[in-house]
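Input: a single structure, listed below in structure tokens.
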Amino acid sequence: MTRHFLKDDDISPAEQALLIDRAIAMKANRFSEKPFSGPQTVAVIFDKTSTRTRVSFAVGVADLGGVPLIIDTGVSQLGKKESVADTARVLERQVAQIVWRTYAQSGLDQMAANSSVPVINALSDSWHPCQLLADLVTIKENFGKTAGLKIAYIGDAANNMGNSYLVACAMAGMSVSVAAPKGYEPDPEVVARAKQIAADFNAEIVVTSDPQLAAASADVVVTDTWISMGMESEAKQREQDFAGFTVDQELMEAANSEAIFLHCLPAYRGFEVSAEVIDGPQSVIWQEAENRLHAQKALMAWLAEQN
Ligand code: CP
Ligand code: NVA
């Protein structure tokens, strides 16, 4: 069975821990592993815009001795003239892995079901698991561990980042507190899954509408845009709905004094986070952005060994 990475818990907590450590080791010795020597090609497909994911996969595949083939679906047949299944059958005969940023998770499921090479989710409407690997690498670099820490996610908990924080951080042994306004709470199934995982670690999963409560004693404070890709038509309504959910200095003061601030980026200063926080001393967002490269290299190298 081909291993894929379509959502955070497609790997076990032990495998996640191994990938975090491998990413840190690969960061220290950047050109040490060449699983794609040949060179083999990795297809990196985008249905949505991207800066970090595009750059980090392109650079990462090159670092691993391969060639990245970046495909924007605006200029390919996928999604218009050709099905996902037929696209997978063409790609699997030529590329070593398939990386795809898309809308519905079901598209990724179809791609994986028809591909004998690993498929990696580079963000869907439901999950952003590569971002979480990078965030966990960043947390481990800053604290020397992940288990036993508390993360507070403030904002749109019904989106891809909310889902991935709940599940991936629970897998890393972290307690997760989520603060979201009414109508933007996490999917109860995702909360149930996070609670099931957290029980193995004695960690706690809390969902509240009170940002101060969520941030209290947190080691890590995170947020994300209020207007995810595809939600642009709701921008005005969302700006009203999320009033009071900005991560500002006052909220950071509820967290531990050593707390770090993370944001997957792109960020909208003055909306989900104040400029003072994101550009301040507790913010490690550039380290986090760089870690996309190292985390995804560890993931691709590991997937190459599994299949
Ligand atoms: N965080 C993230 O995925 O950034 P991009 O949308 O720029 O790829
Ligand atoms: N939730 C955001 C994440 C961007 C990396 C989006 O989907 O647009």
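Any value given below was found using the heavy atoms of this structure, including those in side chains, with hydrogens, waters and symmetry copies removed. Just follow the structure's listing: the first ligand is 1, and inside any ligand the first atom is 1.
Using 4.0 Å as the threshold, Leu265 has a heavy atom nearer than that to some atom of ligand 1. Within the structure, the closest approach of Arg54 to ligand 1 does not fall below 4.0 Å when heavy atoms are considered.
For atom 6 (O) of ligand 1, the closest non-hydrogen atom of the protein is Arg101 NH1, 2.8 Å. Summary of contacts: the protein heavy atom closest to atom 4 (O) of ligand 1 is Arg52 NE, 2.9 Å. Among all protein heavy atoms, the one lying closest to atom 2 (C) of ligand 1 is Arg292 NH1, 3.3 Å.
Note: no N/O pair closer than 3.5 Å links Leu123 and ligand 1 by distance alone.
Inspection of the Gln105 and Ser124 side chains reveals an N or O donor paired with an N or O acceptor under 3.5 Å.
Residue Asn160 touches ligand 2 through its side chain alone, judged by heavy-atom distances below 4.0 Å.
At most 12 non-hydrogen atoms from other residues, nucleotides or ligands lie less than 6.0 angstrom from CD of Glu189.
The ligand atoms of ligand 1 that sit less than 4.0 angstrom from a heavy atom of Thr51 are 5 (P), 7 (O), 8 (O).
Aromatic rings from Phe245 and Tyr184 are positioned such that their centres are separated by 6.0 Å or more.
Lys27 and Glu141 are joined by a salt bridge, as a carboxylate oxygen and a charged side-chain nitrogen come within less than 4.0 angstrom of each other.
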